[in-house]
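Down below is the structure, laid out as structure tokens.
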2 protein chains.
Amino acid sequence: MTTRRTGLREQKKQATREALRAAALRLALERGPDDVRVDDIAEAAGVSPRTYNNYFSSREHAIVAAVTGEREARVAAAVADRPAGVGLADAVIEAIVDQYTAPDESGRDALLLIITRPALREAFLETTAAIEHPLTDAIAERLGDDDPHTARVLAASVAAAVRVAIERWLHTTASSATISGLVVPSGSLPDLLRTTLAPLTPALDAAEQRALRRRPR
Amino acid sequence: MTTRRTGLREQKKQATREALRAAALRLALERGPDDVRVDDIAEAAGVSPRTYNNYFSSREHAIVAAVTGEREARVAAAVADRPAGVGLADAVIEAIVDQYTAPDESGRDALLLIITRPALREAFLETTAAIEHPLTDAIAERLGDDDPHTARVLAASVAAAVRVAIERWLHTTASSATISGLVVPSGSLPDLLRTTLAPLTPALDAAEQRALRRRPR
DNA sequence: GCAGAAAAGTGCGTGCACGCAAGTTTGCAT
DNA sequence: ATGCAAACTTGCGTGCACGCACTTTTCTGC
């Protein structure tokens, strides 16, 4: 199940990617994200600047990636892992809530960093799009791959809704963080995700019913 | 109803924007889009290169904008114009189909240009995101602005679905265009849009029912 | 009308993304 | 073992996005 297409090659690749991620985050935390050049990141990770952007298309992506990790894969796995008994909507929503609540990103200050800088917030929002394809597969699995297009649309919609939720979360926490100093009341994120995703429940349910009717197990 | 915030100022601004759009498209058609520098576009439109990207964030956006026009505004208006009797789902879906079928973009060759070049296809896909905010307003209007958040999520989902539809359309037409030469069988786009948007109908209906129950007219 | 404010356009400098064409490492099969 | 092919890295060059400070134009209140 490990994503190991080929041996040594892929290992080094992941190692480089991880080194870049770590270096980017470390430097950003040390100096503040505006005083980090991609040359610095590349040097710290021991690769050429040119190689750097074989991995990341922007400085911001590298930093954000260090915080978000491989969340998209984890979300898809979490959906697949829910017992077949629970409804599709529940499976999807709870999987997402779980993965976005984890151990609070194993780095509060990193999250704070992201929240404050506009460019990083932007990049952070963009990561929501990454769950679309893994989630498509996970949903298609549950619907029985008869109609992969429906799964795709649903996954895209869920991803869009997650984006909206995080947008709102960033909006509110940015305001309150400005006021209260350094408080990051991330406590409301799960609720925000649930309420934002709620309007999509009927669509998920309907698709599930259709699938059951077509392929009664 | 005209977006006229202030007089002469806004006019000149729109004129410049239009000049840039036109210049970008003309040059792209003349020389092929890869041989157009933004300096050329700026020069052709009579502004400095620096001014150019006060208007467009990339060369591709300028070209695509010339073809898509202000579609997002037209979609929102079309939704608002549907009689109050028709259901929300129908209003939204048909408005979108209409606006994406118009007179086939008043320029077949321009569309063909977009379809062939990867960078332009990318930019074209991104335009779907632009309908989110206007559409949010239009949907909120129909739902009675009690809960603007629901409207937002639905609009974002619809935009995502439209993106998926166009992605598929580009995919299929790119293949068939390669084979058959210059044929652009855009005929299937409306159908594609309808089937792709269909899975969202339950969500739109449910939101509408909730609104009706809360605010029986 | 006129003065001051606001906004649009401009010049310049910097950092970055990305294509291309080597060079180098890894994998695989003989 | 060894040679070949594919993948990854690298240097270099080009075009571009964007911040900043400044000029010019348009708007607003007196």
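Heavy-atom basis, side chains included; hydrogens, waters and symmetry copies ignored. So that the names make sense, note that chain A is the first sequence line, chain B the second, and so on, each numbered from 1.
For the segment residues 18-26 of chain A, the set of residues with a heavy atom within less than 4.0 Å of an atom of DNA chain D is empty.
Residues satisfying the side chain to side chain donor-acceptor pair (under 3.5 Å) test with A:T127, not counting sequence neighbours, are none. Applying the salt bridge (charged side-chain N to carboxylate O under 4.0 Å, His left out) criterion to B:R31, with sequence neighbours excluded, gives B:D40. Under the side chain to side chain donor-acceptor pair (under 3.5 Å) criterion, A:T51 pairs with A:S48, sequence neighbours left out. Among residues two or more places apart in sequence or in another chain, the salt bridge (charged side-chain N to carboxylate O under 4.0 Å, His left out) test is passed with A:R194 by A:E94. Contacts of A:R168 classified as salt bridge (charged side-chain N to carboxylate O under 4.0 Å, His left out), with partners at least two apart in sequence or in another chain: none. For the salt bridge (charged side-chain N to carboxylate O under 4.0 Å, His left out) test, no residue two or more places apart in sequence or in another chain qualifies with B:D35.
A side chain to side chain donor-acceptor pair (under 3.5 Å) check over residues 20-29 of chain A, counting only residues at least two apart or in different chains, returns the pairs A:E18-A:R21, A:R21-A:E70, A:R26-A:E30. Within the structure, salt bridge (charged side-chain N to carboxylate O under 4.0 Å, His left out) contacts touching residues 128-139 of chain A (residues at least two apart or in different chains) are A:E132-A:R152. Annotation: salt bridge (charged side-chain N to carboxylate O under 4.0 Å, His left out) contacts involving residues 53-62 of chain B, sequence neighbours excluded, are absent.
For the helix from C:dG1-D:dC30 to C:dT30-D:dA1, the angle separating the two terminal helix axes comes to 40°, with each axis derived from five pairs and the value rounded to 10°.
Under 3.5 Å, the side chains of A:T150 and A:D147 contain a donor-acceptor pair of N or O atoms.
Rounded to an integer number of Å, the gap from CD of A:Q14 to P of D:dT9 is 11 Å.
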Q. Which parts of nucleotides 9-19 of chain C does protein reach within less than 4.0 Å, heavy atoms only, written one letter per nucleotide 5' to 3' as B for base, S for sugar-phosphate only and - for none?
A. SBBB--SSBBB

